[in-house]
2 protein chains.
Amino acid sequence: MTYTYEYPHPAVTTDIVILTVLDGALKVLLIKRGMEPFKGKWALPGGFAKIDESLDTCAARELEEEAGIKGVYLEQLYTFGGINRDPRERVISVAYYALIPGKNVTLEAGTDADEAEWFAVDDVPELSFDHAEVLGMACKRLAAKMDYSTVGFKLMPDEFTLSYLQDVYEKATDKPRDKRNFRKWVFSLNVIEATGKKYSSGPHRPAMLYRVINPEDVKNIR
Amino acid sequence: MTYTYEYPHPAVTTDIVILTVLDGALKVLLIKRGMEPFKGKWALPGGFAKIDESLDTCAARELEEEAGIKGVYLEQLYTFGGINRDPRERVISVAYYALIPGKNVTLEAGTDADEAEWFAVDDVPELSFDHAEVLGMACKRLAAKMDYSTVGFKLMPDEFTLSYLQDVYEKATDKPRDKRNFRKWVFSLNVIEATGKKYSSGPHRPAMLYRVINPEDVKNIR
DNA sequence: CCAAAAGTGTTCGTACTACACCCATGC
DNA sequence: GCATGGGTGTAGTACGAACACTTTTGG
């Protein structure tokens, strides 16, 4: 079956920058392409928008189909509309970024992808299409937004220590933070509470565990 | 001539929120639609993306064709990808916003529009499609961005007074500003310089005229 | 001389920065 | 008992907020 229009129509895809902090680095999930173009090269997960689904729905679907991830923070990033992004036809890509807690990482490669793998964002292989630019913008946006909103907490698992939180902030914004000042700042936000539990991870004082109070919210601050 | 694809393709448009401060209010340029759907109703200027132009180019072209405006600040806002935005077919709209100085306002209605007219953003008529939502997002983005960048100066004519600048800031962000604090803040940005000229507008002390030093730049501050 | 907008400094409070030591645990 | 990361307070600074009077002009 084919579809015919009076004027030429571009194809529309969503591409998703899936970010997490893992092994002490900000990482992005890449997929080795199983089809042309760029077969065998790494790319952001994503795919064509169905005609009867919204872009948000499409992004969420691709996130689940290609990475097996759902129920995470997902936000539109930018729309890339250059004319030669894709060798096949004119393709407009609406990019999204997703934030997932570093712990809950379980990967399943999707149907049209050979493999999925985490890469440190400052050490990615050569990317397909203009995905390097997309990734760059996502990292910039995340870093900026972590300074004026509480999105950063979307990278946290259900329970976490303050040291882990600080580590995530330092890795995602690529800036060191003073431990005492960071904690004062975090508490002033009123978005976490102590669980009462402690977490032991070695021959030293155990750390208190915290949880996010309203996991749904992302507050703007300042 | 027709164009045929193996899978259904959405149409892609750009819509542009053209903002200025005029007669003491933040205003948006609307166009009375000359064609169905929504014939005779007001809408944001915009139109279908050509297959061989980038989205940025498309937005700039629509801006010129429908409003006779070029060479102004134009930035991508958000992409609206709901499924029933347009009764004709699936249409994805990449929204942009443009900022133009309140003085250089000359309007020419375009080819597929009956009339163009400025409306105060908080007193617009009923809009076509989901353009009310688009306009709302543009106003929010402008207000936010005026607080952490120097975009606001894109609303300034070549020469302007500090009172006028303050008025624009107050109208665009809908917040009153203290005159002395506002001036201290503006000077600390280092983006304007005195022209040496003065501007008399009535039976009172004339105001000094300023100009933007690097009109191309938009700096982020903080 | 009067009305009207332009111009100009200081004080205060708050929020960010810098900085160093004791604590609890496992081995 | 020692090595390791967890946890805590204070002092200085810088920036934003509040606030009122004098100046210059046109009529």
Side-chain angles (χ1 to χ4, degrees), chain A residues 21 23-24 102 143-144 146-150 152 156-157 159-171 173-211 219-222, chain B residues 21 23-24 102 143-144 146-150 152 156-157 159-171 173-211 219-222:
Chain A
V21 173
D23 303 328
M146 282 179 78
D147 275 332
Y148 70 85
S149 86
T150 58
M156 290 296 111
E159 302 188 332
F160 53 89
T161 67
L162 293 178
S163 296
Y164 181 72
L165 179 64
Q166 181 176 347
D167 192 51
V168 168
Y169 263 82
E170 290 182 338
K171 295 307 166 11
T173 61
D174 199 26
K175 270 171 218 140
R177 315 251 170 173
D178 176 83
K179 200 205 296 193
R180 281 170 290 190
N181 294 338
F182 180 75
R183 286 168 188 227
K184 257 182 294 182
W185 175 78
V186 168
F187 289 129
S188 77
L189 297 176
N190 266 50
V191 293
I192 63 168
E193 62 187 5
T195 61
K197 291 185 252 175
K198 292 189 179 184
Y199 173 71
S200 260
S201 65
H204 53 79
R205 182 171 175 173
M208 299 182 58
L209 283 167
Y210 291 82
R211 75 169 73 87
K219 288 200 283 190
N220 277 5
I221 48 198
R222 294 209 290 205
Chain B
V21 174
D23 304 327
M146 282 179 79
D147 275 332
Y148 69 86
S149 85
T150 58
M156 290 296 109
E159 301 188 334
F160 54 88
T161 67
L162 293 179
S163 295
Y164 180 71
L165 179 65
Q166 182 176 345
D167 192 51
V168 167
Y169 264 81
E170 290 182 338
K171 296 304 164 16
T173 61
D174 198 27
K175 269 170 218 142
R177 314 253 170 171
D178 176 83
K179 201 206 292 194
R180 283 171 288 190
N181 293 338
F182 180 75
R183 286 167 189 228
K184 258 181 294 181
W185 176 76
V186 167
F187 288 129
S188 77
L189 297 176
N190 268 51
V191 293
I192 63 169
E193 62 187 4
T195 62
K197 292 185 252 176
K198 292 188 177 185
Y199 173 71
S200 260
S201 65
H204 53 80
R205 181 171 176 174
M208 299 180 59
L209 283 166
Y210 291 83
R211 75 168 74 86
K219 288 199 283 191
N220 277 5
I221 48 201
R222 295 207 292 204

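Numbers restart at 1 for each chain; the letters A, B, ... are given by sequence-line order, proteins then strands.
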Only one of A:Ser200, A:Pro206, A:Ser201 forms a side chain to side chain contact (heavy atoms under 4.5 Å, CB included) with A:His204, so which one is it?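 It is A:Ser201; the other options fail the test.
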Nucleotide nearest A:Arg180 (side chain, heavy atoms from C-beta), chosen from D:dT8, D:dG7, D:dC19: D:dT8
Show the distances under 3.5 angstrom between N or O atoms of the protein and N or O atoms of nucleotides 12-17 of chain D.
none

Just how far, in rounded Å, is [atom2] of [N] from [atom1] of [X]?
| X | N | atom1 | atom2 | result |
| --- | --- | --- | --- | --- |
| A:Gln166 | D:dT8 | CD | P | 14 Å |
| B:Phe182 | C:dA5 | CZ | P | 18 Å |
| B:Tyr164 | C:dA6 | OH | P | 14 Å |
| A:Arg177 | C:dC19 | CZ | P | 18 Å |
| B:Leu209 | D:dT24 | CG | P | 17 Å |
| B:Asp178 | C:dC12 | CG | P | 17 Å |
| B:Phe160 | C:dA5 | CZ | P | 21 Å |
| B:Lys179 | D:dT22 | NZ | P | 14 Å |

Once rounded to the nearest 0.5 Å, what's the spacing between atom [atom1] of [X] and atom [atom2] of [Y]?
| X | Y | atom1 | atom2 | value |
| --- | --- | --- | --- | --- |
| B:Thr161 | B:Asp167 | OG1 | CG | 9.0 Å |
| B:Thr195 | B:Met208 | OG1 | CE | 7.0 Å |
| B:Arg222 | A:Asp147 | CZ | CG | 10.5 Å |
| A:Arg183 | A:Asp178 | CZ | CG | 10.5 Å |
| A:Thr150 | A:Met156 | OG1 | CE | 12.0 Å |

Between A:Ser163 and D:dG6, is there a side-chain N or O to OP1/OP2 distance below 4.0 Å? yes
State whether B:Arg183 places a side-chain N or O below 4.0 Å from either non-bridging phosphate oxygen (OP1 or OP2) of C:dG7.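 B:Arg183 to C:dG7 OP1/OP2: side-chain N or O found under 4.0 Å.
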So does A:Leu189 get a backbone contact from the side chain of A:Lys219, meaning a donor-acceptor N/O pair under 3.5 Å? yes
Which pairs count as salt bridge (Lys or Arg N to Asp or Glu O under 4.0 Å) when at least one residue sits in residues 185-199 of chain A, sequence neighbours excluded? A:Glu159-A:Lys197, A:Glu193-A:Arg211
Contacts of type side-chain hydrogen bond (donor to acceptor under 3.5 Å, both in side chains), residue B:Asp174, not counting sequence neighbours: none
What pattern of brackets, bars and dots sums up DNA chain D from 5' to 3', given Watson-Crick or G-U wobble pairs under 3.5 Å, [ ] for crossing pairs and | for another strand? |||||||||||||||||||||||||||
ring-ring contact (aromatic ring centres under 6.0 Å, His included) with B:Phe160: which residues, sequence neighbours excluded? none
Under 30°, 30 to 60°, or over 60°: which ring-plane class applies to B:Tyr210 and B:Phe187, parallel, tilted or perpendicular? tilted
Where do N or O atoms of nucleotides 24-26 of chain C meet protein N or O atoms at under 3.5 Å, pair by pair?
residue: C:dA24; atom: N3; partner: A:Arg205; partner atom: N; Å: 2.9
residue: C:dT25; atom: O2; partner: A:Pro203; partner atom: O; Å: 3.1
residue: C:dT25; atom: O2; partner: A:His204; partner atom: N; Å: 3.0

